[in-house]
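Computed from a prediction, not measured in an experiment: that's the story for all the values here. Along the sequence shown, the residues carry numbers beginning at 1. When reading the values below, keep in mind they use all heavy atoms of this one structure, side chains included, and skip hydrogens, waters and symmetry mates.
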Amino acid sequence: MARRHRRSKVTRVVNLIKRIIAFFFSHVGLCALVIGYALLGAVVFRAVEGPHEMSIQRDVTNARHHAVNIAWNATFRVNKLDKDQWYKTVHTEVKKFQKKCMWAIRRGYDGKEYGVSAQWTFTGAFLYSLTVITTIGYGNTAAKTYFGKTLTILFAIIGIPLMLLFLTNIGDVMAKIFRFLYARSIRLKYKLILWHKRRKAAKIRRANSLVNRLARAQSNRGFGYGGQHVKSDCSVESMGVVGDVQDLLTARAQLDQLEVKESVEAQLQRISVPLSLVLLTMFAYLVAGSILFCLWEEWTFLDSFYFCYISLTTIGFGDKFPGASVGNDKDAQEKLVITSVYLLFGMALLAMCFNLAQEEVVNKVSWIASKFRSKDDDDYD
């Protein structure tokens, strides 16, 4: 019998460990899958669009240098007194350069200098991958080649459902964690209240003990004097009253502690995070991002808050973007990485807030429905 009990206990422990491992790896694996998919997209899009971007920039730079050289040579080759011939030569070359620029713009040229600034760095391509699968779509970076556009379609077909699954899953996990932390805060709050009640009860007990000693001393003095039986009888009666008061105060202190414990248990059974706390959490995250971009891009606080809000709600107008971050220098790459992390974690936080808010709204609607139902039953009676 004891061996069977030990075996069943070991089985329960093993099953619990299996559930914990499955729970851990399911969520961590999904997070790793989303990040790995975005990294794969960064590698692919950089390999496809990066050479095209450099080729366009190189062509425009060479065309500009060629136009300048023609103008410089024409200054010495053409008769300096023949203004019309010099103007005709330079004007023809400028028109060629203009056509070259228009051709480059139609193929994705954005005015950036070759070797100085680039969109399709690894971090820029990673941010592009995130904007595709999160459906933000700023539009400041987009595939220009036919192959890149085709890859974007295929990448989005797989990535968007994967991202939705990730947000649903991670939002539920973060909601459980947030709910657990909220429950722990409630427990801590009521532990402090119970501690205060116990201190109060200890003071009452000490006061009761002091009153007992005083009453006992008074009773002894009453019996100590000869012929004062009335006084001793009064002392005994006062001791009885004091005892009743002590019992009443002790019972009252115990009742207060019991009420606090029952209140804790009732709240923990129907634990739900208040909607105000959920909104405050999301607002605090938006404010933190606003301060960050305000310092980086030297935007106004309103513009920074607008950018964070438009991004996390996946509206993504594209009129605001940390444009100074698009570059080859180390500082710009770090900013792009932090922007990507901010967007990814922010959307997970938004999914958590939707989860908690939905639960709170459902509880409120159920409570209102039960109130109306009980009112209708009362009217019927």
Side-chain angles (χ1 to χ4, degrees), residues 15-47 121-138 141 151-184 273 277-279 281-289 292-293 307-316 322 325 333-359:
N15 291 333
L16 178 62
I17 293 174
K18 286 182 179 179
R19 285 196 297 268
I20 292 173
I21 293 174
F23 174 82
F24 180 77
F25 278 101
S26 63
H27 296 87
V28 173
L30 187 58
C31 294
L33 182 61
V34 170
I35 296 174
Y37 189 73
L39 291 172
L40 176 64
V43 173
V44 172
F45 285 115
R46 184 190 181 192
T121 59
F122 181 79
T123 51
F126 180 76
L127 184 59
Y128 172 76
S129 301
L130 282 183
T131 58
V132 170
I133 63 177
T134 57
T135 69
I136 296 176
Y138 291 119
T141 302
L151 281 176
T152 299
I153 295 173
L154 298 176
F155 187 76
I157 288 175
I158 301 174
I160 291 175
L162 182 63
M163 190 67 188
L164 292 176
L165 179 63
F166 165 75
L167 291 177
T168 302
N169 190 281
I170 200 67
D172 183 57
V173 173
M174 292 177 66
K176 288 179 180 178
I177 295 173
F178 197 89
R179 200 178 296 114
F180 171 77
L181 294 176
Y182 181 71
R184 296 296 297 179
V273 181
L277 183 58
V278 174
L279 295 177
T281 302
M282 198 66 229
F283 181 76
Y285 191 77
L286 287 171
V287 170
L292 186 65
F293 289 107
F307 167 75
C308 294
Y309 180 82
I310 292 299
S311 299
L312 295 183
T313 53
T314 70
I315 297 173
S325 301
Q333 300 305 305
E334 290 177 354
K335 288 180 181 179
L336 285 178
V337 171
I338 296 175
T339 301
S340 302
V341 173
Y342 178 81
L343 293 178
L344 189 61
F345 184 77
M347 293 193 68
L349 188 67
L350 188 65
M352 180 201 76
C353 291
F354 274 128
N355 192 309
L356 295 173
Q358 180 185 6
E359 181 182 1

Relative to the ring of Phe293, is the ring of Phe307 parallel (under 30°), tilted (30 to 60°) or perpendicular (over 60°)? perpendicular
Gap separating the CD1 atom of Ile158 from the CD1 atom of Ile133, nearest 0.5 angstrom: 11.5 Å
Holding to side chain to side chain contact (heavy atoms under 4.5 Å, CB included), I want the full list of residues that pass it with Leu181, two or more places apart in sequence or in another chain. Ile177
Minimal heavy-atom distance between Leu336 and Leu127, with the atoms involved, is CD2-CD2, 3.8 Å
Show, in sequence, the C-alpha distance, side-chain angles and deciding distance for Asn355 and Phe178, and conclude whether the side-chain contact (heavy atoms from CB on, under 4.5 Å) test is met. CA-CA 11 Å; Asn355 192 309; Phe178 197 89; over 6 Å; no
Closest non-hydrogen contact found for Arg179 with Val273 is CA-CG2, 4.1 Å
Would Met347 and Thr314 count as a side-chain contact (heavy atoms from CB on, under 4.5 Å) here? Give the steps. CA-CA 9 Å; Met347 293 193 68; Thr314 70; 3.3 Å; yes
Are any of the side-chain heavy atoms of Leu344 and Phe166 separated by less than 4.5 Å? yes
Which heavy-atom pair separates Ser129 from Gly41 by the least distance, and what is that distance? OG-C, 3.3 Å
Main chain of Phe155, side chain of Tyr37: is a donor-acceptor contact present, judged purely on distance under 3.5 Å? yes
How far does NZ of Lys176 sit from CG of Asp172, to the nearest 0.5 angstrom? 4.5 Å
Could you check whether atom CZ of Phe354 has more than 12 heavy atoms from other residues, nucleotides or ligands sitting under 6.0 Å from it? no
For the residue pair Ile35 and Phe126, what are the closest heavy atoms and their distance? O-CE1, 4.2 Å
Taking every heavy atom of Ile170 against every heavy atom of Ala348, the minimum-distance pair comes out as CG2-CB, 3.7 Å
Return the OH to CG distance between Tyr285 and Leu350, rounded to the nearest 0.5 Å. 10.5 Å
Heavy-atom pair with the smallest gap, counting every atom of Asn169 and Leu30: CB-CD2, 3.4 Å
Which distance, rounded to the nearest 0.5 Å, do you find between the CD1 of Ile157 and the OG1 of Thr152? 11.0 Å
Rounded at 0.5 Å granularity, tell me how far CD1 in Ile338 sits from CG in Leu292. 6.5 Å
Tyr138 OH to Leu343 CG distance, which is reported to the nearest 0.5 Å: 4.5 Å
Donor-acceptor under 3.5 Å (Thr123 side chain, Val337 main chain): no
